[in-house]
Structures are given as C-alpha cells and as structure tokens.
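Just the heavy atoms: all of them, side chains too, but no hydrogens, waters or symmetry mates, feed the values below. Bear in mind that the values here come from a model prediction, so they are computed numbers and not experimental data.
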Amino acid sequence: LKLGCGCSMRESGSSVEASAPLLGGVESGSRVPRTSACPSMALVLLLGAAVAVVAWGPARAGTVSGGSPDLAGTGAGTPADQQFSSSGWGVMKYTLNLKSGTGLAVQQFVAAGLCRPKTTCPSDIGCGNLRSWCEVSAPYSSVEFTGNLFELHWVDAPKLNDLTYTTDQGDQVRAMDWWVDYLESLNGDLSQFNAFMHNKLQLFTPTLQAFMDQIDAASASTGVPVDWMLRESIDPAGERVAHAGFALAGRIYELIGPLASLASTKGIQPWSMNECPSAHGLSKPLAFYAGQLAGADDDWSGLHSLMVVGIAMSYHNPLPSVSARPADSDPILRLYSHLTEFTGASVSPLVASDQCTASQITWPSMDGLTVRYVANMVAPSGNRELKDYDLYAYSAHAEFTANTETYDGGWYNWDHMLDQHLGLWYAGAEDECMKRGLAIRQALTAAAVPVGERGEPDAHEMYCGYAGPMTWEYQFENCNVGAASAPSECACVASNNLDDYAMANSGTTSCLEMDDDWCL
C-alpha cells in the first residue's frame, strides 16, 4: 500500500505493490486490491466480500451546521432521553506507540524526569515486547486507581501486526517506526511549529522551572534528547500561562504552569495564528488545577506529580458537516456519537476558521480534562498531510483487526495501532456495567468499527479503531459484556491473543514474560 508520494506501504506478509491511487471510481460491492497511493478522496475497507467506501474530503472552514454545537447528532443511536450519563466513567490512561527497540530508554528517561515509574524496568507484555509506564495525576478522582492517579504508557511491540512501508531505497520498515522517524525529523529542535504537534499531552505543574530542570537532567543522564518549545497563553481568569513542550517518540508532552514559575520569560511569545491558539488553551483557570493538585497527595521526587489537563490528536477533518444524518455516516461523527450516547460526553466545536478547525470533548465526571481533535491547515506538515497519518491507522485496522478474510473473525484480532489509545474505565455496578457494555457492543457492531476485545483479570476491554490516529478503549471493571470467553492479551503473537499463543506452544495457558526486574 503506497502512502503519499515518497514512500510506499506494502501489506505485512504480502507482495502487493501500489500502482494507481484510489481517487473515487469504486462502486459498492466491487472487488479491488487493497492498495492506495497518495491518499486523498477515499479509503477502502474490505470486510468479507463487501467494500465500504468512506469519503474523506478537505477540512471545512467557517461555521459548523449554522454554528450548532451538536457534533454527535441525534439522528441515530440512542434517543437523547435514554443516553447514559458520565457517572462511573473516567479517562485513566494515555498510551502511545514507540519505535521498535526504544522501550527501555523511554522507561529510564520518564522515570528519571517525568513521572513516578510503575516498575523499574519496562513490563514485558509477552516475549520481550515492552510497556513503559508511569503515574501522574488527574484533576478528578480516579475510578480505576486510588486517589487521583492516571497512567501514561508507551508500547514497544515489534511482534504485533503492523503495516510495512517500502522506502524509496527499497528498505522495508514497520509503519509505526517510519512514522516516529518522520515526526522526529519534522520536529527537529522544535524551533518551528508543525501541524502534527497537535498530537500532544498537556500536563499542569505549579513548579514549571523545577520540572523542566529535572527533565533536562534526565535527558543528560539517559541520552534521550530534549529540546523545548516555549509559548504563552491566557487562562480563563486572565492569568498568564507558560507552555513548555518537548517531544518524545515524535509526539509532544507539554508542561503548563504559571508564567511566573519560569526562571526567565525572555523571548516567550504567544501562540501565533498559524499555531491555532484556541487548541492549546486551558479550559479552567490555573488556580483550579493548583487546587486539585494540592489535594491529590501524590508527591514524587520532591515535587507534586504532573496533572493531565489536556489531550489532543491531529485529525484531517474534526468538524465535518453535521447536516447529513444518520450520525454514523461520517467516521469522526461515529466516535462523537458513541462518546455522547454511552459515556455522557459533551462534544462541541472549539474553533472553525480558515486556519484551523477543532472539536472539544468533555465529561461532567471529569472536570478539568479536555480532549481535542485538531486540523491545522496552515502550519507546515513536511511532505505528508494529516490525512496520511489518519490513513495509516485506518489501513492497519482494516488489514488486521477488521479483516475476517485472513483471521478468525469476530473481535479476536489485533493491530499495532490499537496499542495507541485512550483508556476509558467504567467502574459501575454489574447491572449498569452490562447495560452500557451491551449497548456499546451493539453500536460498534452496527457501525462495523474494528475492535480488539480482551478479557483481563482487572477489566473486560474493547479497543475500538475509530477514525484518527488514536484508538479508544472501553474498560469494564465489573462485567464481561457477555463475552466471558474473550482471550487475554499476549504480545508473543501478532494477533495479541493468548489463545493463538497457546495453540502455537503446545497448549500452554500463560504468556512468556520476563520478570519486572529484567533490566537490572
């Protein structure tokens, strides 16, 4: 499969090469090869013998459906008076994929400078595939952990299903590895903003300079390079806010705090118009987050831990027209609809202009957290577009997770982009858990969303490949959502499926994992 005009993408385990772009001309029900070049107008997903064509046009500027904030829509799915509330739900986890072979270095870096490590070594999720992880805080009470804990994860799993890119030099590389290299090259020393920098996590601290110094020291001791991008904004109470961002695996981690907490403010500029200022601002005053952090009681390394306040993803068209119904007719509207109906989210336009468009997602039960999808049409993006990154995720889900021709069907399949996800945890009682879980299962099935379903001791999990570069994971603490036989996770096999690993290893019922102190 070819991506853009400078490198091609060949299906893992396949000899199919790209030749011509898919720019329309595909009729429903026809058979086409799973190839694409310079993605622009359409994506093709093969599900059995059917071909579903999803039109992805350019992002729209201006107002959204007459300025209506109803992005999720009410023309399909659960009636408004039957929608579930946000009670019992909490975003508890933010996970990004790493370049293969970097998991240990990332664990050592974040443990030294960013956050409290869960384990000294990265945890082995099967046969040497690694999960680096640590703890920070949320501005709301945790529904999964104690206090206000929130987890950051990074996955280094070269055994799991991913697309393969063929470079102009003829080398074959895993697609995620290629994208990390591309984003790191595009970011450079962070002296220039680019459209992919909207893929970021925002973390509040009242002691901004102290954390920056700690991260610089961690960079020096571990060899993980750190450069800073400094910007300024104004919070809802009129206070001056400093933004200090650095890149890890090509994505941005942005510390936010009082401008006065910096040792020097010389040269700091406000976000410029081509950086989409509204997409970076705080939804609450600095004083709100300081109060929430003061009550969290989770000091780390002599400092309060960082607090997650904003999560953002790039997406080529976050504000499609909502005049067409049903709501599931557009990929991103499907996500908005499901989050509104089943988790009590509020989804609204944040900004719609010739420079950028962005949506904003909030929950009553998660006061202080904002999730955003952003399309910046004027910031540079190198020789790739935002839709190329979206197409990568879409194609990986289509080739592996939703591909019933190659695998067993159902929701037992896996692709590496499912590892990159937000974790939505539901802690309600069993009967309420089953009501929500079964409603979500029905909606996902009806919308043909690619899903990897897993059963773990602490929760039942549905990793959902919605539109864009971020998977959303529904985690149910107190029910199995009617699927007691769902396999547990094992990264020893590409399908991430313990059943498959057992079949390949004489019926063993456990996944081969190293001890947590393996790196010492």
**Q** Under a 3.5 Å distance rule, please check whether Thr102 uses its side chain to pair with a backbone N or O of Leu98 as donor and acceptor.
**A**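 A pair under 3.5 Å: no.
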**Q** Between Ser261 and Pro258, is there a donor-acceptor pair closer than 3.5 Å when you use the side chain of the first and the backbone of the second?
**A**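 Yes.
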**Q** Can a donor-acceptor pair be found, under 3.5 Å and without considering hydrogens, that links the side chain of Asp124 to the backbone of Met514?
**A**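 Yes, the answer is positive, given that a donor and an acceptor are paired below the 3.5 Å cut-off.
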**Q** Can any side-chain N or O of Asp499 pair as donor or acceptor with the backbone N or O of Pro487 at less than 3.5 Å?
**A**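 No, because the side chain of Asp499 does not come within donor-acceptor range (under 3.5 Å) of the backbone of Pro487.
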**Q** Indicate yes or no: does Asp367 engage Lys284 in a salt bridge with an N to O separation below 4.0 Å.
**A**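 Judged by the 4.0 Å cut-off on N to carboxylate O distance, Asp367 and Lys284 do form a salt bridge.
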**Q** If a pair satisfies side-chain hydrogen bond (donor to acceptor under 3.5 Å, both in side chains) and one of its residues is in residues 502-520, list it, with sequence neighbours excluded.
**A**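 Residue pairs passing side-chain hydrogen bond (donor to acceptor under 3.5 Å, both in side chains), neighbours aside: none found.
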**Q** Quick one: does Asn129's side chain have a donor or acceptor within less than 3.5 Å of a partner on Gly126's backbone?
**A**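 Such a contact is found between Asn129 side chain and Gly126 backbone.
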**Q** Could you tell me whether the side chain of Tyr182 and the main chain of Arg384 form a donor-acceptor pair under 3.5 Å?
**A**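 A pair under 3.5 Å: yes.
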**Q** Students often mix this up, so state it plainly: with edges at 30° and 60°, are the rings of Tyr426 and Trp89 parallel, tilted or perpendicular?
**A**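 Tilted, since the angle between the ring planes falls between 30° and 60°.
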**Q** Any chance you could lay out the ring pair (Phe, Tyr, Trp, His ring centres under 6.0 Å) test for His421 and Tyr94, step after step, and finish with the verdict?
**A** CA-CA 6 Å; His421 59 266; Tyr94 176 79; 9.4 Å; no
**Q** In terms of side-chain heavy atoms, does Ser87 have a donor or acceptor partner in Ser85 at a distance below 3.5 Å?
**A**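 Checked: Ser87/Ser85 side chains show no N/O donor-acceptor pair below 3.5 Å.
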**Q** Measure from the ring center of Phe400 to the ring center of His416 and say whether it is less than 6.0 Å.
**A**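 Centroid separation for Phe400 and His416: 6.0 Å or greater.
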**Q** Say whether His316 and Asp390, considering side chains only, have a donor N or O and an acceptor N or O under 3.5 Å apart.
**A**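 A pair is found: one side chain offers a donor N or O, the other an acceptor, under 3.5 Å apart.
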**Q** Do the side chain of Thr167 and the main chain of Asp171 share a donor and acceptor less than 3.5 angstrom apart?
**A**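 Here the side-chain-to-backbone pair exists.
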**Q** For residues 243-254, which side-chain donor-acceptor pairs fall under 3.5 Å, sequence neighbours excluded?
**A**
| residue | atom | partner | partner atom | Å |
| --- | --- | --- | --- | --- |
| His243 | ND1 | Glu254 | OE2 | 2.9 |
| His243 | NE2 | Ser233 | OG | 2.6 |
| Arg251 | NE | Ala249 | O | 2.7 |
| Arg251 | NH1 | Tyr389 | OH | 3.4 |
| Arg251 | NH1 | Gln420 | OE1 | 3.0 |
| Arg251 | NH2 | Asn97 | O | 2.3 |
| Arg251 | NH2 | Ala249 | O | 3.4 |
| Tyr253 | OH | Trp154 | NE1 | 2.7 |
| Glu254 | OE1 | Lys200 | NZ | 2.6 |
| Glu254 | OE2 | Lys200 | NZ | 3.2 |
| Glu254 | OE2 | Gln202 | NE2 | 2.8 |

**Q** Between His397 and Asp415, do the side chains contain a donor N or O and an acceptor N or O under 3.5 Å apart?
**A**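 Yes.
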**Q** Of all residues at least two apart in sequence or in a different chain, which pass the side chain to side chain contact (heavy atoms under 4.5 Å, CB included) check with Gln214?
**A**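 Applying side chain to side chain contact (heavy atoms under 4.5 Å, CB included) to Gln214 gives Phe211, Trp300, Ser301, Leu303.
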**Q** For a quick check under 3.5 Å, do Thr370 and Thr362 share a side-chain donor-acceptor pair by atom type?
**A**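 No donor-acceptor contact under 3.5 Å links the two side chains.
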**Q** Hey, mind stepping through Cys479 and Cys433 against disulfide bond (SG atoms under 2.5 Å apart) and telling me if it holds?
**A** CA-CA 6 Å; Cys479 68; Cys433 181; 2.1 Å; yes
**Q** For Glu477 and Trp425, does a side-chain donor sit closer than 3.5 Å to a side-chain acceptor?
**A**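 Their side chains do contain a donor-acceptor pair, which is all the 3.5 Å distance test asks for.
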**Q** Ignoring hydrogens and angles, state whether a donor on the side chain of Ser381 or Asn194 is under 3.5 Å from an acceptor on the partner side chain.
**A**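 Not at all, the side chains of Ser381 and Asn194 share no donor-acceptor pair under 3.5 Å.
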**Q** Identify whether the distance between the nearest side-chain nitrogen and carboxylate oxygen of Glu461 and Arg454 falls below 4.0 Å.
**A**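 No salt bridge links Glu461 with Arg454.
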**Q** Are Trp414 and Tyr463, when compared by the centres of their aromatic rings, separated by less than 6.0 Å?
**A**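 Centroid separation for Trp414 and Tyr463: below 6.0 Å.
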**Q** Is a side-chain donor-acceptor pair under 3.5 Å present for Tyr336 with Ser359?
**A**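 Yes - a donor-acceptor pair under 3.5 Å links their side chains.
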**Q** Between Gln108 and Thr222 (side chain of the first, backbone of the second, donor and acceptor by atom type, cut-off under 3.5 Å), is there such a pair?
**A**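 Flag not set: sc Gln108 to bb Thr222 has no pair under 3.5 Å.
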**Q** Applying side-chain contact (heavy atoms from CB on, under 4.5 Å), run through Ser305 and Ser137 and close with a yes or a no.
**A** CA-CA 6 Å; Ser305 70; Ser137 293; 2.8 Å; yes
**Q** So among Ser123, Cys519, Pro122, which one has a side chain to side chain contact (heavy atoms under 4.5 Å, CB included) with Gln107?
**A**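 It is Pro122, the one option of Ser123, Cys519, Pro122 that forms the side chain to side chain contact (heavy atoms under 4.5 Å, CB included) with Gln107.
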**Q** Less than 4.0 Å between a side-chain N and a carboxylate O, is that true for Arg441 and Glu453?
**A**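 Salt bridge flag = yes for Arg441 with Glu453.
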**Q** Can you name the one residue among Val155, Asp162, Asp156 that meets side chain to side chain contact (heavy atoms under 4.5 Å, CB included) with Asp419?
**A**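 Running side chain to side chain contact (heavy atoms under 4.5 Å, CB included) over Val155, Asp162, Asp156 with Asp419 returns exactly one hit, Val155.
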**Q** When you measure from the side chain of Glu473 to the backbone of Gly423, do you find a donor-acceptor pair of N or O atoms at a distance under 3.5 Å?
**A**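 Flag not set: sc Glu473 to bb Gly423 has no pair under 3.5 Å.
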